[in-house]
Amino acid sequence: MEKKRRRSESPVEDPATGKKIQLKNLRICLERLKQYPVRRKRSRSPEENPAAGERIKLKDLRICLERLKQYPVRSKRSRRQEENPAGGKEKVREDAKTSQYLDIKNYSLIKELGEGNFGKVVLASYKIKNQLTAIKIIEKQQEEDFKYVRREASVLQIASRCPFLCRAMATFQTKSLILLALEYVSGGTLENIIEDRGRLSNKQVQ
Ligand SMILES: Nc1ncnc2c1ncn2[C@@H]1O[C@H](COP(=O)(O)OP(=O)(O)OP(=O)(O)O)[C@@H](O)[C@H]1O
């Protein structure tokens with residue numbers, strides 16, 4: 001009986017000091033620990049995609065955030081009046097420090113630019129920066145499709161110094177669509193230019 005009472009008074013030893021932890025302090029610790037499972041649940045679906053109202057997977061969000069972190073570094077170049085490789089003088093790159101790039105509501109669609117093998121490309125304005133962008137809109141056939149588009153965006157990012165490729169700004173998805181926001185290249189396609197002007201020199205192609 002004596003033994004039982006003592007155990008209930010100080011049930012746990014501090015492994016560091018070997019001393020009994022006061023019941024009062026233990027209760028405070030347990031109260032604090034109770035908060036952890038709640039946080040873990042929240043982290044399973046942390047962000048809602050405002051375009052679709054669906055939860056973005058934590059894994060995808062981490063990948064997006066990791067990629068977005070790379071943008072401020074490149075924006076240094078854009079501050080030095082980087083030129084549009086298509087010939088325009090406008091700045092082509094801005095900071096993407098926040099997930100605003102991933103919200104379709106922040107883009108206003110202007111007109112259709114063309115159609116590729118997988119979907120349409122529309123000219124849009126990124127409202128936050130008043131910046132033109134080409135958004136590739138692809139109808140999702142299967143969940144895996146988003147992975148392939150992200151891979152395309154990653155390749156464009158890796159090759160971002162190449163003056164012949166446009167840059168990827170963001171990839172995001174709704175339930176049925178995949179959207180890839182690209183740097184807008186205003187000069188038209190090389191094919192169109194060759195059709196209009198005929199043969200071009202190497203310098204003109206560059
Ligand atoms: N970044 C851009 N800036 C301006 N126009 C673009 C841009 N990307 C695409 N376009 C326009 O949209 C059209 C379709 O482009 P898209 O890349 O979808 O076609 P694609 O070359 O067949 O590629 P894919 O095989 O990936 O579908 C292009 O021909 C071009 O006119």
Side-chain angles (χ1 to χ4, degrees), residues 51-52 60 63-64 67-68 70-75 77-96 99-200 202-206:
D60 293 340
I63 294 168
C64 289
R67 288 191 185 151
L68 281 172
Q70 299 169 16
Y71 282 81
V73 180
R74 287 197 197 122
S75 73
R77 282 196 278 136
S78 78
R79 264 182 235 129
R80 293 200 304 264
Q81 293 294 313
E82 188 175 357
E83 285 185 7
N84 183 333
K89 289 265 179 195
E90 72 268 26
K91 282 185 194 177
V92 292
R93 197 47 172 263
E94 296 288 343
D95 284 8
S99 60
Q100 287 164 326
Y101 265 92
L102 304 178
D103 188 346
I104 190 67
K105 284 182 201 148
N106 292 332
Y107 297 84
S108 56
L109 305 184
I110 300 168
K111 62 170 185 178
E112 192 178 316
L113 288 170
E115 197 161 353
N117 292 313
F118 299 101
K120 288 187 176 166
V121 179
V122 294
L123 177 64
S125 168
Y126 177 56
K127 292 183 211 165
I128 311 285
K129 307 262 179 183
N130 197 20
Q131 178 190 30
L132 290 177
T133 173
I135 301 189
K136 214 182 232 200
I137 303 171
I138 300 155
E139 267 186 50
K140 212 189 283 178
Q141 308 292 334
Q142 50 187 9
E143 278 306 311
E144 286 252 292
D145 290 349
F146 187 54
K147 201 171 78 185
Y148 301 129
V149 175
R150 277 215 314 250
R151 195 175 295 160
E152 180 177 342
S154 311
V155 171
L156 289 174
Q157 266 186 359
I158 292 163
S160 65
R161 281 164 186 271
C162 174
F164 306 114
L165 292 173
C166 59
R167 292 177 189 169
M169 293 161 73
T171 45
F172 44 101
Q173 61 178 327
T174 67
K175 262 187 192 139
S176 56
L177 300 173
I178 298 168
L179 299 113
L180 169 60
L182 296 163
E183 168 195 342
Y184 171 56
V185 181
S186 57
T189 63
L190 187 59
E191 191 184 0
N192 294 151
I193 296 169
I194 292 170
E195 270 169 14
D196 287 351
R197 300 194 211 164
R199 194 178 171 155
L200 301 172
N202 280 352
K203 212 174 171 204
Q204 281 174 316
V205 173
Q206 285 169 10

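Numbering starts at 1 and runs along the sequence shown. Order of appearance sets the numbers: ligands from 1, and atoms from 1 within every ligand.
Around the CG atom of Asp196, the shell of radius 6.0 Å holds more than 12 heavy atoms that belong to other residues, nucleotides or ligands. Heavy atoms of other residues, nucleotides or ligands lying less than 6.0 angstrom from CD of Glu191 number 12 at most.
Remark: side-chain polar atoms of Asp145 are paired, donor with acceptor, to backbone N or O of Gln142 under 3.5 angstrom. At distances below 3.5 Å, at least one donor-acceptor pair connects side-chain atoms of Thr133 with backbone N or O atoms of Leu182.
Rounding to the nearest 0.5 Å gives a distance of 8.0 Å between CD1 of Ile178 and CD of Glu143. To the nearest 0.5 Å, atom OH of residue Tyr148 and atom CD1 of residue Ile138 are 13.0 Å apart.
Scanning the protein for heavy atoms near atom 4 (C) of ligand 1, the closest one is Val185 O, 3.2 Å. Looking from atom 19 (O) of ligand 1 to the surrounding protein, the closest heavy atom is Gly116 CA, 3.2 Å. At the shortest separation from atom 25 (O) of ligand 1 among protein heavy atoms lies Asn117 ND2, 3.1 Å. In terms of protein heavy-atom proximity, atom 15 (O) of ligand 1 is closest to Val121 CG2, 3.6 Å. Of all protein heavy atoms, the one closest to atom 16 (P) of ligand 1 is Lys136 CE, 3.7 Å. Residue, atom and distance of the protein heavy atom nearest to atom 1 (N) of ligand 1 are Glu183 O, 2.9 Å.
Using a 4.0 Å cut-off to heavy atoms of Cys166, the atoms of ligand 1 that qualify are 1 (N). The atoms of ligand 1 that sit less than 4.0 Å from any heavy atom of Thr189 are 29 (O), 30 (C), 31 (O). Those atoms of ligand 1 that come under 4.0 Å of a heavy atom in Ala134, given as number and element, are 1 (N), 2 (C), 3 (N), 7 (C). When each atom of ligand 1 is checked for a heavy atom of Gly114 under 4.0 Å away, the hits are 12 (O), 13 (C).
Residues satisfying the side-chain hydrogen bond (donor to acceptor under 3.5 Å, both in side chains) criterion with Ser125, sequence neighbours excluded, are absent altogether. Residues forming a side-chain hydrogen bond (donor to acceptor under 3.5 Å, both in side chains) with Glu112 (at least two apart in sequence, or on another chain): none.
Under the 4.0 angstrom criterion, atom 10 (N) of ligand 1 counts as having a protein heavy-atom contact.
If you look at Leu113 next to ligand 1, the close heavy atoms, those under 4.0 Å, come from the backbone and the side chain alike.
Taking the centre of each ring, Phe172 and Tyr107 come in below the 6.0 Å mark.
Inclusion of Leu182 in the set of residues having an N or O under 3.5 Å from an N or O of ligand 1 is not warranted. In terms of polar-atom proximity, defined here as any N/O pair under 3.5 Å, Glu115 makes no such contact with ligand 1. The distance criterion of under 3.5 Å between nitrogen or oxygen atoms is not met by Tyr184 with respect to ligand 1.
Inter-residue side-chain proximity for Leu113 and Lys111 is flagged as met; some heavy-atom pair is nearer than 4.5 Å.
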